[in-house]
Each structure stands twice: as structure tokens, then as C-alpha cells.
Amino acid sequence: MKLKLAIQKSGRLSDDSIKLLKDCGIDLHNVKDRLKTEADNFPLEVFFLRDDDIPQYVEDGVADIGFVGENVVYEKNKKNEVVEKLGFGKCRLSIGIQRNENYINASYLNNKKIATSYPVIVEKFLKQNNITAEIHEISGSVEIAPGIGLANAICDLVSSGSTLFMNGLKEVETILQSQAVLIKNKHLNEPQQQLLNKLLFRIQSVKKAKNNKYILLNAPNNKLKEIIALLPGMKSPTVLPLATEGWSSVHSVLNENEFWDIIEQLKAHGAEGILVVPIEKMII
Ligand code: PRT
Ligand code: ZN
């Protein structure tokens, strides 16, 4: 029995999908120019597909699970379950209009023409905001539509914003924050679900490790109490005596989000020789 996973064949999600599997200790070989491969050291079969096709393959059970952008999942609207956010492929689906236009709120879009490759998501957004607008579906180069008079607005994926900028557009509304997610077929049998749980456990350990750093620092013993109070650690920080009298070495784990704040406070409290080290896996 093998779990069948669909990932993007070639595109923005391909390398990160393979990298995530590798970080989970799953090695794929012959990933180039192949439709299908098997992992050496995990009961996993991997299909390489266009991202747009992944939700359908997973709904049909041709693949049991898939890695795909939330934007594609919600646009295709297939009968799948979103199980886990994967932390890569981050972008947002936004409305853009010409830079010289005045925009106050979404009612601007009333009776306008919106070019997009995401008609389902846009339609839903318009309905929720009681807006009547015409959706013009195009499959690529959406950002040129206003400049050539095809539409008044666009709805497209944005990451840095430079594509919008280069086309004389500005971002005025974010409809969806998106990242790659793991989706699963709704009718997995027990052995398939067990394999998925095993894979999910690994993915979650890799994700936690990525969001956390291991920190080592030296602290004067008379400041230890304040310094320890700043460090959460997995249970509590490790404190070891240094060879130099009156000093200790403190080890702990810090979350990326609070990292810089805490480092500054540690320094202010007399911490020295602070080392920050990446964590490979984190099992709690
Ligand atoms: O061939 P296939 O159908 O598999 O690939 P594709 O061409 O449809 O998709 P691909 O590889 O371009 O993107 C795959 C997924 O990556 C998307 O579905 C998103 O989930 C995610 N992703 C993340 C992005 C971006 N960031 C992104 N910036 N997908 C597309 N873009 C494009 C966007 O469409 C626009 O043209 O990049 C441009 C904007 O980028 P900035 O940085 O200029 O704002
Ligand atoms: Zn695609």
C-alpha cells in the first residue's frame, strides 16, 4: 500500500514541494521529466501534474492527497478537505485598478468590468459585497487588461506587487491570502489515513522547526532570573554553569515572530555571546 501524492510538475510550487518532502526525510529520484515516481524510504507515490488539475485528481481518488495553492483549491471548489497549511507559495489574490483612479471602497467596482483567471472566487466576493460587475475570464497576462481597454479592474495573484506596479496598476483590495496547502480525498480508507497521519506528523515537525530557533547565551548569575523569565523554551530553559565563576550558559527555543524583540531585551538584561542556531526537526 502506498499513499498517492499529487504535486505541481513545474512552476512556483514544485521545488518547495520536493524540498518539503526531503525535509521530512523522503527522497524522490528521477523527478525531472517524469509523470510519476516513488519515494525510496516512505510508502509514497508522487504524481507530477499541472496545479489546476490537482483538486480534481484528489477528488476522483486518482491521488489521495495533493500539495496545491489555496487560490486553486477555492477556485476549483472540488470535494476535497484542506488538512494543513504548508508555509510556502505565499501570495494574495487582490483587486488592482489603474493608478490614477480614485478608490474608496469595493463599491467602485459596481458596473465595472473585471478581468481575472479566478471567476469563481471573484463572483463570491462580489456577491458578499452586493456588487454587480462583469467578470471577464482570461487565462494569462491579466495585468495588461486595463491598459489595453479590456477591463477597468483586474483580480490576480500578487506577491511583491512589482507586476502591478510595472503595469501602472495599484492594489486596492485583498480577496484571499493564499499559501500551499495539503488537501486530501474525502474517502481515504484506514491504512491511507494512517500513512497520511505519519506524513503529517513529519510535516508539522518540519514546520515547527522552521518557525523556531535554538538560542544559546551567556548570562551573569545575578541576572539569570530576569533572563530566564524572557525565555519560554520548550519546557523551560536549560542553565549550565560556565567555567568562569559567576556566569552561566542558557539554552532555549525562540519563536521567529518574537525573536528580535526578545534578543533586544536579553541584551539589555546583560546577556552576552548570543548564538542563534537553526533547528532541523522539532518534536513536541
Ligand atoms: O503550469 P501550471 O498550471 O502548473 O502552473 P501555473 O503557471 O498555473 O502556476 P505558477 O507556477 O505560476 O504558480 C503556482 C502557484 O504559486 C499559484 O497557484 C499560487 O498558489 C502560488 N504563487 C505564489 C504565485 C505567486 N506567488 C505569484 N506571484 N502564483 C503566481 N504569481 C504571479 C502572479 O500571477 C503575477 O503574474 O506572479 C505575478 C505577481 O508577482 P509579483 O511579485 O510581481 O507581485
Ligand atoms: Zn496553473
Side-chain angles (χ1 to χ4, degrees), residues 4-21 28 31-37 46-60 62-63 65-78 80-99 114-125 135-148 150-151 153-184 203 207 210:
K4 289 172 286 178
L5 162 69
I7 64 174
Q8 192 186 22
K9 181 169 169 55
S10 71
R12 289 168 194 263
L13 304 181
S14 310
D15 290 349
D16 285 332
S17 299
I18 291 167
K19 164 92 170 32
L20 176 62
L21 292 173
L28 304 181
V31 293
K32 286 251 153 10
D33 308 320
R34 293 281 297 266
L35 293 176
K36 202 173 101 169
T37 189
V46 181
F47 296 94
F48 301 99
L49 302 169
R50 282 201 58 198
D51 66 345
D52 314 71
D53 297 333
I54 292 175
Q56 183 73 59
Y57 275 77
V58 172
E59 178 183 303
D60 294 344
V62 176
I65 59 171
F67 293 171
V68 66
E70 287 174 291
N71 50 305
V72 174
V73 175
Y74 299 127
E75 181 62 28
K76 299 294 172 191
N77 206 10
K78 300 291 175 192
N80 297 311
E81 201 177 305
V82 175
V83 182
E84 181 82 21
K85 294 193 191 261
L86 298 176
F88 61 85
K90 287 187 179 165
C91 57
R92 51 197 191 272
L93 188 63
S94 291
I95 303 272
I97 62 169
Q98 283 183 309
R99 207 174 301 144
I114 308 169
T116 187
S117 314
Y118 294 88
V120 173
I121 299 176
V122 174
E123 179 85 61
K124 209 169 149 202
F125 168 80
I135 296 173
H136 190 89
E137 184 178 350
I138 42 180
S139 58
S141 304
V142 174
E143 63 281 352
I144 65 168
I148 58 173
L150 190 67
I154 65 157
C155 180
D156 198 13
L157 296 174
V158 181
S159 42
S160 68
S162 67
T163 303
L164 288 183
F165 184 81
M166 283 186 311
N167 286 281
L169 304 173
K170 60 179 176 186
E171 189 178 357
V172 291
E173 201 84 50
T174 297
I175 296 192
L176 175 78
Q177 294 284 352
S178 178
Q179 62 175 286
V181 287
L182 188 156
I183 55 170
K184 73 164 188 175
I203 290 175
K207 269 174 59 187
K210 269 194 196 128

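Order of appearance sets the numbers: ligands from 1, and atoms from 1 within every ligand. No experiment lies behind these values; they were computed from the predicted model shown.
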[X] heavy atoms, cut-off 4.0 Å: which ligand 1 atoms fall inside?
X	answer
Gly69	20 (O)
Gly161	41 (P), 42 (O), 44 (O)
Thr163	38 (C), 39 (C), 40 (O), 41 (P), 43 (O)
Gly11	11 (O)
Val72	18 (O)
Val158	44 (O)

About how many Å separate [atom2] of [Y] and [atom1] of [X], when rounded to the nearest 0.5 Å?
X	Y	atom1	atom2	answer
Thr37	Leu5	OG1	CG	11.5 Å
Asp51	Ser10	CG	OG	9.5 Å
Leu164	Leu157	CG	CG	10.5 Å
Glu84	Lys207	CD	NZ	3.5 Å

Pick from [options]: the one approaching [atom] most closely through a non-hydrogen atom:
atom	options	result
atom 15 (C) of ligand 1	Ile7, Leu13, Leu93	Leu13
atom 5 (O) of ligand 1	Gln179, Arg50, Glu171, Gln8	Gln8
atom 23 (C) of ligand 1	Cys91, Ser159, Ser117	Cys91

Item to check | Considering only N, O or S atoms of Asp52, the one closest to the Zn ion (ligand 2) | outcome: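 Result: OD1.
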Checklist entry - Out of the N/O/S atoms in Asp51, what is the name of the one closest to the Zn ion (ligand 2)? => result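 Going through the N, O and S atoms of Asp51 one by one, OD1 ends up nearest to the Zn ion (ligand 2).
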Within a 6.0 Å radius of atom [atom1] on [X], are there more than 12 heavy atoms belonging to other residues, nucleotides or ligands?
X	atom1	answer
Lys210	NZ	yes
Tyr57	OH	no
Asp15	CG	no

Next on the checklist: Can you see whether Glu75 engages Asn71 through a side-chain donor-acceptor pair at a distance of less than 3.5 angstrom?
Outcome noted: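 Their side chains do not contain a donor-acceptor pair, so the 3.5 Å distance test is not met.
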Checklist entry - Would Ser94 and Glu171 count as having a side-chain donor-acceptor pair, cut-off 3.5 Å? => result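 A donor-acceptor contact under 3.5 Å links the two side chains.
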Checklist entry - So, do Thr116 and His136 sit near enough that their side-chain heavy atoms are less than 4.5 Å apart? => result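 No; the side chains remain at least 4.5 Å from each other.
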Give the residue, atom name and distance (to 0.1 Å) of the protein heavy atom nearest [atom].
atom	answer
atom 11 (O) of ligand 1	Arg12 N, 2.8 Å
atom 42 (O) of ligand 1	Ser160 OG, 2.6 Å
atom 14 (C) of ligand 1	Asp51 OD2, 3.5 Å
atom 18 (O) of ligand 1	Asn71 ND2, 2.9 Å

Next on the checklist: Can you tell me which portion of Asp156 lies within the under-4.0 Å heavy-atom range of ligand 1? Options are side chain, backbone, both, or neither.
Outcome noted: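 Contact part for Asp156 vs ligand 1: side chain (C-beta onward).
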Next on the checklist: Counting only heavy atoms closer than 4.0 Å, does ligand 1 sit against the backbone of Leu157, its side chain, both, or neither?
Outcome noted: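 For Leu157, the contact with ligand 1 is made by both the backbone and the side chain.
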Next on the checklist: Both conditions, 6.0 Å and 45 degrees, for the charged tip of Arg99 above the ring of Phe165: are they met here?
Outcome noted: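 Relative to the ring axis of Phe165, which defines the angle, Arg99 lies inside both limits.
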Checklist entry - From atom 7 (O) of ligand 1, is the closest protein heavy-atom distance below 4.0 Å? => result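 For atom 7 (O) of ligand 1 the answer is no, since every protein heavy atom stays at 4.0 Å or beyond.
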Next on the checklist: To check you understand the geometry: which heavy-atom pair defines the closest contact between Gly140 and Ser117, and what is its length?
Outcome noted: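 Heavy-atom minimum between the residues: N-OG, 4.4 Å.
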Checklist entry - Do any nitrogen or oxygen atoms of Leu49 come within less than 3.5 Å of a nitrogen or oxygen of ligand 1? => result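 No; every N/O pair is 3.5 Å or more apart.
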